[in-house]
Protein chains: 2
Amino acid sequence: MNEHKEQLCVAHATEILGDKWTPKLVLALSQGCSGFCAMQDESGINPRTLSMRLAKLESMGIVDKNNEKYILTKKGLDLVPILEAMAAWGNKHYAGKNDK
Amino acid sequence: MNEHKEQLCVAHATEILGDKWTPKLVLALSQGCSGFCAMQDESGINPRTLSMRLAKLESMGIVDKNNEKYILTKKGLDLVPILEAMAAWGNKHYAGKNDK
DNA sequence: CCGAATCCAAAGCGATACTG
DNA sequence: CAGTATCGCTTTGGATTCGG
């Protein structure tokens, strides 16, 4: 992959993961959270923003919505390893600084 | 790693990568770009924002600045595999849609 | 070439109240 | 429980100008 293309492809991922709350949200979804209010409680995100995030995720094919339950699609599940890599990075470079 | 800790660690990474332009910037740095105006030309980012991003990256130990040249630290280099994972995701799910 | 300063428009988001 | 509507503030960042 050349540099230019790499930047373009990264842009697709950051369009999702760059939104505030979304990484946390995808993680919550990957851990079995599926209801609106459950996510709200779990993440502390306000209803307005949560609604906007879920709508965007749905429109981009990251989550499927079925009778008010949200689940990650394959495309969404493919995001999880990235989040885990991020977590590993944070853990490595901030270990013990604020994870209690 | 438990779920709560994972979310906290991810937050560290998103505090950096969630900023507009920063992923592109780190990628440019990893590819040898080191001068202010060079980055400006390469990325299309305006000087004000570029300056802010570099300052933040420097303050967080992601880049080192020596006589007006910027280079990634070890911590910054550890970010690159994540960006590559993002690029792979984008390439997989958006292949042929806009990478020309 | 490097970068700081100023100005300003727009987006983002939190709080809250409300409906089904 | 699952969302939508309104409001107003705060942050972001783009354009531009200027000085080292």
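Although no hydrogens or angles enter the test, the distance criterion places no donor-acceptor pair under 3.5 Å between the side chain of Lys24(A) and the main chain of Gly44(A). With hydrogens and angles disregarded, a donor-acceptor distance shorter than 3.5 Å links the side chain of Thr14(A) to the backbone of Ala11(A). Under the 3.5 Å distance criterion, the side-chain polar atoms of Trp89(B) are left unmatched by any main-chain donor or acceptor of Cys9(A). Remark: side-chain polar atoms of Lys5(B) are not paired, donor with acceptor, to backbone N or O of Asn91(A) under 3.5 angstrom. Under the 3.5 Å distance criterion, the side-chain polar atoms of Thr73(B) are matched with a main-chain donor or acceptor of Gly61(B).
Rounded to whole Å, atom P of dG14(C) lies 11 Å from atom CG of Leu50(A). With rounding to whole Å, Asn46(A) atom CG is found 12 Å from dG3(D) atom C1'. Look at CZ on Arg48(A): it is 9 Å from P on dC13(C), rounded to the nearest Å.
Listed by residue number, Lys65(A) are the residues of residues 52-66 of chain A with a heavy-atom contact under 4.0 Å to DNA chain D. Scanning residues 14-45 of chain A for heavy-atom distances under 4.0 Å to DNA chain C yields Lys20(A), Trp21(A).
Between Met1(A) and Glu6(A), the shortest heavy-atom distance links the atoms SD-CA, 3.8 Å.
Close to dC1(D), at under 4.0 Å from its OP1 or OP2, lies no side-chain N or O of Tyr70(A). Contact annotation: Thr49(B) does not reach the phosphate of dT12(D) (side-chain N/O to OP1 or OP2, under 4.0 Å). At least one side-chain nitrogen or oxygen of Ser51(B) sits closer than 4.0 Å to the OP1 or OP2 atom of dA4(C).
Atoms CG and CG, on Leu29(B) and Leu79(B) in that order, are 10.5 Å from each other to the nearest 0.5 Å.
Note on Leu50(B) and Ile71(B): separate hydrophobic clusters, where clusters join Ile, Leu, Val, Met, Phe, Trp and Tyr whose side-chain heavy atoms are under 4.5 Å apart, directly or indirectly.
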